[in-house]
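See below for the structure under consideration.
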Number of protein chains: 2
Amino acid sequence: MRQGGRIKLSDVARDAGVSPATVSRAIAQPHLLSEETLARVRASALRLGYLPDGAARALASGRSMTIGAIVPTLDSAIFARALQAMQSTLAQEGFLLLVASHEGHAAAEAQAVRSLLGRGVDGLMLVGAERSPETVAMLKEARVPIVLTWCGDGNFTAVTIDNTLAGRLAAEHLIGLGHRRIGMVTGQLRFNDRQRARLAGARAALVEAGLGLPDQLHSEQAVTLAGGRAGCATLLELDDPPTALIGGIDLLAIGCMEEAHARGIAVPSGLSVVGIDGLDMSAHVSPSLTTVHLPIGRIGTLAAETLMALVSGRPAATTMLPVELVVRRSTTGFG
Amino acid sequence: MRQGGRIKLSDVARDAGVSPATVSRAIAQPHLLSEETLARVRASALRLGYLPDGAARALASGRSMTIGAIVPTLDSAIFARALQAMQSTLAQEGFLLLVASHEGHAAAEAQAVRSLLGRGVDGLMLVGAERSPETVAMLKEARVPIVLTWCGDGNFTAVTIDNTLAGRLAAEHLIGLGHRRIGMVTGQLRFNDRQRARLAGARAALVEAGLGLPDQLHSEQAVTLAGGRAGCATLLELDDPPTALIGGIDLLAIGCMEEAHARGIAVPSGLSVVGIDGLDMSAHVSPSLTTVHLPIGRIGTLAAETLMALVSGRPAATTMLPVELVVRRSTTGFG
DNA sequence: AACTTGAATGAAAGCGCTTTCAATAGATGC
DNA sequence: GCATCTATTGAAAGCGCTTTCATTCAAGTT
């Protein structure tokens, strides 16, 4: 499909009076050339407006200078921030980000993995550790580094946070405040090990405190503000409604606050709410949200750095980033 | 770098007892093969776990099945939503999205354009119409379709919204409410034609109403909540402070409300605030934000569709999507 | 002065696929 | 019955680059 005009490496070579090999070296390994030759080649390339063909380079060298990333969705403050951090870190090394989203479907993720691997990405970033055996097999057969984020497993290098701890910190904060009936609104648990871990962490803390988290005090919702509202509504309509709520992500927690507000229940005096994420926005809603802050940007940066290390043969270990409770105005003592 | 194992097209051909050409056809033009042959080839491919090499395909065919997108940043609800919409539309056609961000720097955008074009994207999406002449030249020489979003110019196909009208609608709403001193907080105007157009639209409406928008009633800030707060603070500290504020984007407007709140000024009774964007969040802050709603997701979808049309040789025209004022609780009458 | 060595460059063989161009073989038309 | 199609398939020439492997030549070495 490429039309007549495009300047190719051999044109530059002819113009500069050198062999194609020399031009190739001028691009990828300039230190191999004499200053004089290098300057001449560069001048020709610049004058002709030469742009190396990435596909040809990738085919010949086996490296595409491209990293793939598959996230549940780009339309989320969380993943958007992580990807932005990744992208800007990768750009510094001359790598580009090829993105795909699966919107919560394991099959779509498998398809994306196939597609990205087929495109010859030099590395792949995925979210969470849960996926079908076939997808895992594909990843293991892939000849490129894989980095999991948020949650890891023993199989791949990962940049994780302790989701269980995050859930626990949220619960313990409320327990410490004297709450005895604590509910939780999470996103879909299916194909989402992050949410499951947070729920498990909260539940463990509640059980240890002798409170427990019975099923009717847990509501599983879509990860949207509306989901948060719906979850909150469900829990508040119980005969013995909770006095405090944990949101599996900040967005859900904010939705909970909103629903409470709509029902004339004041937060935190009538209902304490704590989130998990530490969105910028959460500090700015009213009342400001107590939340377990996760270093999202760091996840992206570190995932990129880990991938860069692995790509160039340097070792890289799985990392776990710290999480931290940030107490703001949406929680208060009870009883 | 590729190691021994990877199955290639010729392996499948041998296994299926056909020529490489036939396998290639089985992948890209199955209708050319007899059902029997096709089935045999597919079975072999499946059994061997064959994954076509994207770089080789791209090199041989001149198409990479990849679309590039360059946005100011991924870490923004706006661009994240547009990209998600684009990505999911493209995925349906088997295309992948290669993303880059320039974070407000024209030079970074030029670099990204070079990089993506070099990678052989089959089409390119850009935000806004303002860029250096060199970048424009590069785009014009590119043999792939270019689609601008948000703002267009005569040079390229575009999927736009009327930013000027958005600014005007925001201003006219406040004017209609009786406000006589109206300020505006925008993001950086440099390398951001969207913000400039919104400012211009608001200013035009204010001038027509005999009010005008003197420079000291306009504050240029970073596009963050903190920027909104700072801008609001600046304007409220004037000797004759405004009674209403327009935010160049919702985030700035929300920052304004927050600053007002922090200063004990009630919104909307003490200060009316209107935004431009229609973020989901804006309906959920307190008070809910009056804003000019922009169809962000549609921009992404349409940009993808336009690109798909152009890529396959179908015609596609520049589109302008409607904007709409959504009145909520952050604005009220004055005087 | 003959011998290494290292730096700079070129020649040429692919990388794994797509795509003309031909060839073959039934099917169709007159 | 022979020319003409049409549907299938194969052969082979690249796509534009990278990368051994050689070669050349100047600088050290002994």
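To find a chain, count down the sequence lines: A is the first, B the second, and so on, and within it residues start at 1.
Contact between the side-chain N/O atoms of B/Ser61 and the OP1/OP2 oxygens of C/dT18 is not found at any separation under 4.0 Å.
Annotation: proximity of residues 32-52 of chain A to DNA chain D (heavy atom, distance under 4.0 Å) is found for A/Tyr50, A/Pro52, numbered in ascending order.
Within the structure, ring-ring contact (aromatic ring centres under 6.0 Å, His included) contacts touching residues 63-86 of chain A (residues at least two apart or in different chains) are A/Phe79-A/Trp150. Counting only residues at least two apart or in different chains, ring-ring contact (aromatic ring centres under 6.0 Å, His included) contacts with residues 42-64 of chain A are absent. Sorted by first and then second residue, the salt bridge (charged side-chain N to carboxylate O under 4.0 Å, His left out) pairs with a member in residues 66-80 of chain B read A/Arg81-B/Asp75; sequence neighbours excluded. Residue pairs meeting the ring-ring contact (aromatic ring centres under 6.0 Å, His included) criterion with at least one partner in residues 95-129 of chain A, sequence neighbours excluded, are A/His102-A/Phe191. Contacts classified as salt bridge (charged side-chain N to carboxylate O under 4.0 Å, His left out) and involving residues 96-110 of chain A (residues at least two apart or in different chains) are given here: A/Glu109-A/Arg131. Applying the salt bridge (charged side-chain N to carboxylate O under 4.0 Å, His left out) test to pairs two or more places apart or on separate chains, none has a residue in residues 85-98 of chain B.
Between the P atom of D/dC15 and the CZ atom of A/Arg6 lies a distance of 14 Å, rounded to the nearest Å. Note: NZ (A/Lys8) to C1' (D/dT18) measures 16 Å, nearest angstrom. Atom CZ of B/Arg63 and atom C1' of D/dG16 are 19 Å apart (whole Å). Taking atom NE2 of A/His31 as the reference point, atom C1' of C/dT9 lies 14 Å away to the nearest angstrom.
Looking at heavy-atom distances under 4.0 Å, B/Ser24 makes contact with a base. At the heavy-atom level, B/Val23 lies nowhere under 4.0 Å from the strands shown.
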Would you mind writing out the side-chain donor-acceptor pairs for residues 22-36 of chain A within the sub-3.5 Å range, not counting sequence neighbours?
unit_1  : atom_1 : unit_2  : atom_2 : d
A/Thr22 : OG1    : A/Ser19 : OG     : 3.3
A/Ser34 : OG     : A/Thr37 : N      : 3.2
A/Ser34 : OG     : A/Thr37 : OG1    : 2.7

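The nucleotide whose nearest atom lies closest to any side-chain atom of A/Thr22 is, among D/dG10, C/dG10, C/dG16, C/dG10. Closest to the B/Ala60 side chain, of the nucleotides D/dC15, C/dC15, C/dG10, is D/dC15.
Among residues two or more places apart in sequence or in another chain, the salt bridge (charged side-chain N to carboxylate O under 4.0 Å, His left out) test is passed with B/Asp122 by none. Applying the side-chain hydrogen bond (donor to acceptor under 3.5 Å, both in side chains) test to B/Asp193 and every residue at least two apart in sequence or in another chain returns nothing.
With hydrogens and angles disregarded, a donor-acceptor distance shorter than 3.5 Å links the side chain of B/Thr318 to the backbone of B/Ala158.
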Between the protein and nucleotides 20-26 of chain D, which nitrogen or oxygen pairs come in under 3.5 angstrom?
unit_1 : atom_1 : unit_2  : atom_2 : d
D/dT20 : O4     : A/Arg25 : NH2    : 3.1

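Comparing the axis of the opening five pairs of the helix from C/dA1-D/dT30 to C/dC30-D/dG1 with that of the closing five pairs yields an angle of 30°, rounded to 10°.
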